[in-house]
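Here is the structure we will look at.
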Amino acid sequence: MAISRPRGTGDILPGEIHKWHYLEDTFREVCREYKYEEIRTPIFEHTELFERGVGDTTDIVEKEMYTFLDRGKRSITLRPEGTAAAVRAYLENKLSAGPQPVKLYYTGPMFRYDRPQAGRFRQFHQVGVEVFGSRDPGLDAEVMAMAMDYYARLGLKELELRINSVGCPQCRPVLGERLLEFFRPSLEELCTNCQGRYQRNPLRILDCKSSRCGELSVGAPTTLDCLCNGCAGHFAKVKGYLDLLNISYSVDSRLVRGLDYYTHTAFEIMATDIGAQSSIGGGGRYDGLMEACGGPPTPGIGYALGMERIILTMESQGIAFPEQRLIDAFVVSVDPGAEMKAFEIVFMLRKNGLGADKDHMGRSLKAQMKYAGKLNPRYTVLLGSDELARGTAGLKDMASGVQEEVPLSGLVQRIKG
RNA sequence: GUGGGUGUAGCUCAGAUGGUUAGAGCACCAGAUUGUGGCUCUGGGGGCCGUGGGUUCGAGUCCCAUCAUCCACCCCA
């Protein structure tokens with residue numbers, strides 16, 4: 001093989017594309033019902049957008065971005081996530097001038113230079129939403145409910161919704177101080193990662209997966225211990241709305257979204273049985289992000305769901321994807337003399353809105369039938385010299401095997417009927 | 001970035017201790033008395049045994065390197 005695909009990427013082949021269509025179609029349907037409108041932003045942006053919009057101390061920006069200089073010596077980055085670009089577009093196109101809130105959705109590929117493993121790729125696909133312009137806790141609940149609704153429509157079971165509140169610029173520093181105090185005695189024992197976090201963002205120590213750090217952080221103050229009245233009230237309302245909708249969730253006070261401008265609600269949806277990368281979606285509120293990107297103070301909340309991981313979960317749960325029939329009719333020429341007529345009939349069927357095809361490999365009658373059997377059309381249309389002479393065609397129902405002779409003039413009607 | 005597993009046909013995999021023309025199943029193609037699919041049977045095409053080096057009379061098999069892939073850490077979707 002001369003050239004292979006780049007590491008961590010994948011070809012979505014015709015045999016599985018129906019899964020992606022199903023996910024996308026279902027998502028669009030949900031978005032329509034929830035009144036979210038699609039936005040399509042570039043796949044690449046100025047690197048600076050992500051440095052500011054994702055945070056330059058995050059792993060994503062520090063080591064996972066596909067960044068390059070274009071021919072004009074501009075630093076360009078393939079988008080690693082969708083929120084920053086949506087924020088940029090909202091500001092750049094003055095969507096703030098229209099009615100608020102602005103509810104957007106997007107779908108498409110994202111890029112991160114990670115080591116590939118089960119459920120993790122360098123090019124992967126997300127569907128996501130962002131709501132700009134309102135701090136209503138009802139919207140926090142809405143986006144979570146929407147994500148769960150989407151999963152449910154796909155047939156996913158046994159998902160776990162974890163939620164937390166990470167506070168706001170007023171109460172976060174209080175927590176930060178208390179965390180520094182708490183970990184100061186055991187600073188040397190923390191993993192090297194967390195020693196760095198201690199300096200930059202002690203909140204994330206709570207999130208560390210290392211068992212050592214886990215032990216050390218037992219009894220540590222959590223975000224929930226330090227919420228100010230406003231944040232605690234917001235969180236209580238979010239939970240109230242979720243309860244109202246009978247959406248089950250667990251409060252996970254260790255769930256942290258690391259960026260400074262993330263505020264209030266953070267959530268994550270976990271699946272089982274798809275390997276170590278079990279998060280199939282996550283999101284949160286980011287009331288500080290617009291300002292970080294140079295805009296006026298504007299609240300926002302959103303989520304992103306990983307399509308590959310959703311498909312993995314569906315497959316591991318044995319959920320069937322609706323498969324659409326490739327064609328309605330396959331036209332077979334019984335003898336070479338009928339070849340031209342078969343070609344004509346195929347186009348006639350297509351012009352009438354039917355999916356149709358014929359052999360293009362010079363196959364024998366038997367082989368044409370065999371091929372038709374694989375394409376699984378509802379009908380096979382058989383044309384031979386006898387039929388030609390009578391102006392008819394054999395119409396064979398492939399499921400039942402029953403064949404009848406119908407006049408060409410009534411073929412479309414008969415197939416549609 | 002770190003660690004482990006695996007690279008033989010389109011796919012899933014056999015190929016003890018190195019030894020003739022590298023096999024199977026599935027898939028693909030053709031045929032089973034000449035105008036009909038699914039089942040069955042017969043036959044056929046297809047392999048620089050990931051790549052490069054080394055050891056050896058001889059390497060798919062042993063050694064080294066490299067690349068790819070899978071899994072895990074980290075992080076995330």
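Below, chains carry the letters A, B, ... as their sequence lines are ordered, and counting in each starts from 1.
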Exercise. Could you check if a side-chain atom of Thr26(A) sits within less than 4.5 angstrom of a side-chain atom of Leu154(A), using non-hydrogen atoms only?
Key: yes
Exercise. Take the protein atom CD of Glu16(A) and the nucleotide atom C1' of rC11(B), then report the distance between them rounded to whole Å.
Key: 14 Å
Practice problem: Answer yes or no: does atom CZ of Phe68(A) have more than 12 heavy-atom neighbours from other residues, nucleotides or ligands under 6.0 Å? | Solution: yes
Exercise. May I have the distance from Leu159(A) (atom CG) to rA77(B) (atom C1'), rounded to whole angstrom?
Key: 14 Å
Quiz item: Is there a donor and acceptor pair closer than 3.5 Å between the side chain of Arg309(A) and the base of rC76(B)?
Solution: yes
Exercise. Figure out the NZ/P separation between Lys63(A) and rG1(B), and round it to whole Å.
Key: 10 Å
Practice problem: Would you kindly check whether a donor in the side chain of Arg120(A) faces an acceptor in the base of rC74(B), or vice versa, at under 3.5 angstrom? | Solution: yes
Quiz prompt | Tyr113(A) six-ring face occupied by Arg122(A) cation (under 6.0 Å, within 45°) | solution = yes
Quiz prompt | Arg115(A) vs rG1(B): side-chain N/O to OP1/OP2 distance below 4.0 Å | solution = no
Quiz item: With distance as the sole criterion, do the side chain of Gln117(A) and the base of rC74(B) form a donor-acceptor contact below 3.5 Å?
Solution: yes
Quiz prompt | Atom-to-atom span, CG of Leu382(A) to C1' of rG35(B) - whole angstrom | solution = 9 Å
Exercise. For rU69(B), give its Watson-Crick or G-U wobble partner with both distances under 3.5 Å, or none.
Key: rG5(B)
Practice problem: State whether the number of non-hydrogen atoms from other residues, nucleotides or ligands found under 6.0 Å of Gln413(A) atom CD is greater than 12. | Solution: no
Quiz item: Which pairs count as ring-ring contact (aromatic ring centres under 6.0 Å, His included) when at least one residue sits in residues 353-372 of chain A, sequence neighbours excluded?
Solution: Phe330(A)-Tyr371(A)
Quiz prompt | Stacked cation flag Arg153(A) on Tyr150(A), 6.0 angstrom / 45 deg | solution = no
Quiz item: Whole Å only: how far is the CD1 atom of Ile280(A) from the P atom of rA77(B)?
Solution: 12 Å
Quiz prompt | Proximity to RNA chain B (any heavy atom under 4.0 Å), residues of residues 364-377 of chain A only | solution = Ser364(A), Leu365(A), Lys366(A), Ala367(A), Met369(A), Lys370(A), Lys374(A)
